[in-house]
Amino acid sequence: MLRTHTCGELRIDHVDHEVTLIGWINAVRDHGGLKFVDLRDRYGRIQVQISQESIGGDALETLRFDQVLKVTGSVMERPDGMRNPKLETGDVEVIASSTEILGECPPLPFNPDSGDQVNDELRFRYRFIDMRREEIQRRFRLRSDMQFAMRQYLHGHDFLDLETPMLTKSTPEGARDFLVPSRQNPGEFYALPQSPQIFKQIFMISGFDRYMQVVRCFRDEDLRADRQPEFTQLDLEMACIDESDIMGLVEGLMEHVVKEVTGKEVTLPFPRLSYKEAMLAYGSDSPDMRSDLRIQEFSDLVEGLEFKVFSGAVESGGAVRGMRIPGGGQWSRKEIESLEPIVKQQGAGGLAWFKMTDDGPAGPVSRFLAGAAGEELIQRLGMEPGDLACFVADKQTRVVVNSMGQLRKELAIKLGHIEPGVLNFCWVEEFPLFDEDEETGQPTPCHHPFTCPHPDDLSNLESKPL
RNA sequence: GGGGACGUAGCUCAAUUGGUUAGAGUCCCGGCCUGUCGCGCCGGUUGUUGCGGGUUCGAGUCCCGUCGUCCUCGCCA
């Protein structure tokens, strides 16, 4: 080995050891005849002291950021008051007796320390620099640990890790396929799998009753902030089981993975809610349970409210839904109205709202709340002075659901409910097999076309699929 | 494909209703510095204001076109 230790591992126990390190120069603090150099590698950082006395004569090299440097020297305990508690290795430093630059580095196109401040385009163009960043390395480590933990757990539950072809044929799923021209058959193409489940029946009927893979999926659709054309999925297939078996297994899997990767405990079993409940209360089929904001149905009250926007929506077959935002009554009118684009983006005509003051309701909707229906609405919301209530009404329930869901999501962030790193799992049950296609009115798979209908609904499959 | 925002120094950003020599921090270069760890101090260079055209006495700023990036909707589970 060209090195005796990594940059992250030296501690007080190593004092007086002779070591050789190789790493990238993370900083140079030049005091004339004495330089402090932070040396970095995947495992951490350590301070190296390079001086004329220790290294002899004119051997001091010109040191620059991100040169690759080899240092030989001895580990010394830092003097009192010179320790750096921010570094794992901060109690010691290496006094260099010789140095050698293994890799030169011209000025970089961006400073890796500024990280997320820099354009994505520039970061991706120089991905090898971006990937030197501690944060990026941490994420790679996280993925690696996570995939290892998944395989470890599933291996322990008799799952085989099987591979399936990448060059395959088009599947009846909704996304556009990535195509690969075939050399052997000019004019014909392979499709890359949108997801690998297409092969599951073949494995099942061949007797592989449990298999898993951590596998790439390819979907040739436009990008979004949280979406890439290729991504990795855990695919898990089992035979001879019922719903409780798979829920138990997956809960155990998540418990194991979270424990292994973060050290955190998760509470089992996960809470369960139906698709209908999720769409109503959270406006999403994948609700973020970290916020306790809840959407409520008010379509049944509109008759007593005499508010045309509300009653008109319900009469046309739509809905009115609203949400109490604790403390939102403190916001200015301008601040509240700045929420409107969120729901308009989802197709809603506008955002209706009122706030609760010590003197009762105030704001645009308050004048419709005088009667008994208004009283009940306020009571159902649980409005207290200082609260805000927001509503969306539309003749299409789908628009109401999406608008309120998006509003809930953004308000949860605004209110600080969404703590990064907090994991609140839940199950969403009773997914419908089909949705109504917006354009054609025909049934379209709500989840994906390989799911099995609920046994109770099997008889409806032909007659009334929706 | 629709809508919106943006494009100024290597990087991150300023530049008043259109007004004189386009600035700051950082990076970089030179000098000083033996206890720094975001080292400090002194000095210095940043430039086709994305590109092309137009309006104007005068355009980084306004208009048109074009290219690029990001967000968003469509699309996608």
Side-chain angles (χ1 to χ4, degrees), chain A residues 25-40 45-55 60 62-66 76-95 105-126 129-130 171 173-178 193-197 217-231 233-235 275 284-286 341-348 399 402-403 406 410 428 431-433 435 437-439 444-451:
Chain A
I25 293 177
N26 208 58
V28 181
R29 293 177 293 280
D30 189 345
H31 293 258
L34 173 73
K35 293 176 186 190
F36 294 103
V37 173
D38 289 342
L39 207 60
R40 147 179 65 82
R45 265 195 301 162
I46 185 155
Q47 176 166 283
V48 178
Q49 195 193 104
I50 303 173
S51 66
Q52 264 151 0
E53 293 97 85
S54 68
I55 213 162
L60 278 185
T62 305
L63 300 176
R64 301 171 53 95
F65 184 83
D66 260 15
M76 301 287 281
E77 184 172 359
R78 292 208 202 181
D80 280 341
M82 305 302 159
R83 294 163 193 258
N84 185 351
K86 289 186 213 160
L87 285 183
E88 301 260 345
T89 60
D91 289 336
V92 297
E93 61 191 340
V94 173
I95 313 296
C105 183
L108 298 176
F110 65 95
N111 179 3
D113 282 343
S114 37
D116 295 336
Q117 309 292 320
V118 182
N119 268 329
D120 285 351
E121 196 190 356
L122 198 70
R123 286 174 47 199
F124 287 129
R125 184 168 169 195
Y126 299 97
I129 296 171
D130 197 39
T171 64
E173 290 187 64
R176 282 183 282 264
D177 290 313
F178 276 104
Q194 297 172 21
S195 59
Q197 288 95 326
C217 305
F218 304 90
R219 292 174 192 161
D220 189 9
E221 295 294 342
D222 290 352
L223 289 100
R224 284 291 167 79
D226 58 350
R227 194 200 294 161
Q228 300 180 74
E230 56 175 309
F231 60 93
Q233 188 181 77
L234 171 66
D235 180 30
Y275 178 86
S284 167
D285 63 2
S286 55
I342 299 171
V343 298
K344 282 193 166 170
Q345 193 102 63
Q346 303 296 325
V399 167
N402 292 344
S403 302
Q406 193 61 31
E410 301 209 17
V428 177
F431 255 73
L433 192 62
D435 258 347
D437 187 288
E438 252 178 77
E439 284 163 20
T444 180
C446 179
H447 196 51
H448 66 67
F450 306 131
T451 43

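Values below: every heavy atom of this structure, side chains too, minus hydrogens, waters and symmetry copies. Order of the sequence lines sets the chain letters (A, B, ...), proteins ahead of strands, with each chain counted from 1.
- Not counting sequence neighbours, Gln345(A) has no partner by the side chain to side chain contact (heavy atoms under 4.5 Å, CB included) test.
- What separates CD1 of Ile46(A) from P of G35(B) is a distance of 20 Å, to the nearest Å.
- Remark: the separation of the P atoms in G50(B) and C11(B) is 13 Å, to the nearest Å.
- Annotation: side-chain hydrogen bond (donor to acceptor under 3.5 Å, both in side chains) contacts of Arg29(A) (sequence neighbours excluded): Asp38(A), Gln47(A).
- Note: CZ (Phe218(A)) to P (A77(B)) measures 15 Å, nearest angstrom.
- Closest of all the heavy-atom pairs between Ala175(A) and Gln194(A) is O-NE2, 2.9 Å.
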Return the polar atom pairs (N/O with N/O) between nucleotides 68-72 of chain B and the protein under 3.5 Å, or none.
unit_1, atom_1, unit_2, atom_2, d
U72(B), O2', Gln345(A), OE1, 3.4
U72(B), O2', Gln345(A), NE2, 2.4

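- One interatomic measurement links the two molecules: CG of Asp130(A) to C1' of C11(B), which rounds to 13 Å at whole-angstrom precision.
- A gap of 24 Å separates the P atoms of A24(B) and C62(B), to the nearest Å.
- In this entry the distance linking NZ of Lys344(A) with C1' of G2(B) reads 18 Å, nearest Å.
- One atom, CD of Gln406(A), and another, C1' of C73(B), lie 11 Å apart when rounded to the nearest Å.
- A 4.5 Å side-chain heavy-atom check between Pro109(A) and Arg125(A) finds every atom pair outside the cut-off.
- Qualifying ring pair (Phe, Tyr, Trp, His ring centres under 6.0 Å) partners for Phe36(A), counting only residues two or more places apart in sequence or in other chains: His31(A).
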Measure all distances between protein nitrogen or oxygen atoms and nitrogen or oxygen atoms of nucleotides 37-39 of chain B, and list the pairs falling under 3.5 Å.
unit_1, atom_1, unit_2, atom_2, d
C37(B), O4', Arg29(A), NE, 3.0
C37(B), O2, Gln47(A), OE1, 3.3
C37(B), O2, Asn84(A), ND2, 3.0
C37(B), N3, Arg78(A), NH1, 2.7
C37(B), N4, Arg78(A), NH1, 3.2
C37(B), N4, Met82(A), O, 2.6
G38(B), OP2, Lys86(A), NZ, 2.9
C39(B), N4, Asp30(A), O, 2.2

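- With P as the reference atom, C71(B) and C13(B) are 15 Å apart, rounded to whole Å.
- Counting to the nearest Å, the P atom of A77(B) and the CG atom of Asp177(A) are 11 Å from each other.
- Contact check, Arg227(A) against C73(B): no side-chain N or O comes under 4.0 Å of OP1 or OP2.
- Using atom C1' as the reference point in both C37(B) and C29(B), the two lie 24 Å apart (nearest Å).
- The distance between atom CZ of Arg176(A) and atom C1' of C76(B), rounded to the nearest whole Å, is 8 Å.
- For A9(B) and G25(B), the C1' atoms lie 12 Å apart once the distance is rounded to whole Å.
- In this structure, Gln233(A) and Ser195(A) have side chains that are in contact, with non-hydrogen atoms separated by less than 4.5 Å.
- One C1' atom belongs to G52(B), the other to C67(B), and the distance between them is 10 Å to the nearest Å.
- Taking 4.0 Å as the cut-off between side-chain N and carboxylate O, Glu77(A) and Arg83(A) count as a salt-bridged pair.
- Using a 4.5 Å heavy-atom cutoff, the side chains of Arg45(A) and Asn26(A) are in contact.
- U56(B) and C63(B): their P atoms are spaced 16 Å apart (whole Å).
- When the side chain to side chain contact (heavy atoms under 4.5 Å, CB included) test is applied to Pro107(A), the partners found at least two apart in sequence or on another chain are Arg64(A).
- The salt bridge (Lys or Arg N to Asp or Glu O under 4.0 Å) search around Arg78(A) returns none, not counting sequence neighbours.
- Comparing Glu221(A) and Arg64(A) by the nucleotide of RNA chain B that holds the closest heavy atom to each, the one mapping nearer the 5' end is Arg64(A).
- Taking atom CG on Leu34(A) and atom P on U36(B), their separation rounds to 10 Å, with Å as the unit.
- When the side chain to side chain contact (heavy atoms under 4.5 Å, CB included) test is applied to Asp220(A), the partners found at least two apart in sequence or on another chain are Arg176(A), Phe178(A).
- Every side-chain hydrogen bond (donor to acceptor under 3.5 Å, both in side chains) that Asp66(A) has, sequence neighbours left out, goes to Arg40(A), Arg132(A).
- When all heavy atoms are compared, the tightest approach of Val428(A) to Asp285(A) is CG2-O, 3.6 Å.
- Considering only heavy atoms from C-beta on, Leu63(A) comes within 4.5 Å of Lys35(A) through its side chain.
- Between the C1' atoms of U26(B) and C64(B), the separation comes to 37 Å (whole Å).
- Heavy atoms of Glu93(A) sit under 4.0 angstrom from at least one base atom.
- With the 3.5 Å cutoff on both pairing distances, Watson-Crick and G-U pairs in RNA chain B assemble into runs of at least 3 at B:1-7 with B:67-73, B:10-13 with B:23-26, B:28-32 with B:40-44, B:50-54 with B:62-66.
- Applying the side-chain hydrogen bond (donor to acceptor under 3.5 Å, both in side chains) test to Gln346(A) and every residue at least two apart in sequence or in another chain returns nothing.
- Taking 3.5 Å as the limit, the base of C76(B) and the side chain of Arg219(A) contain no donor-acceptor pair of atoms between them.
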Below 3.5 Å is the cut-off: list the nitrogen or oxygen pairs between protein and nucleotides 4-10 of chain B, distance only.
unit_1, atom_1, unit_2, atom_2, d
G10(B), O2', Pro109(A), O, 2.7

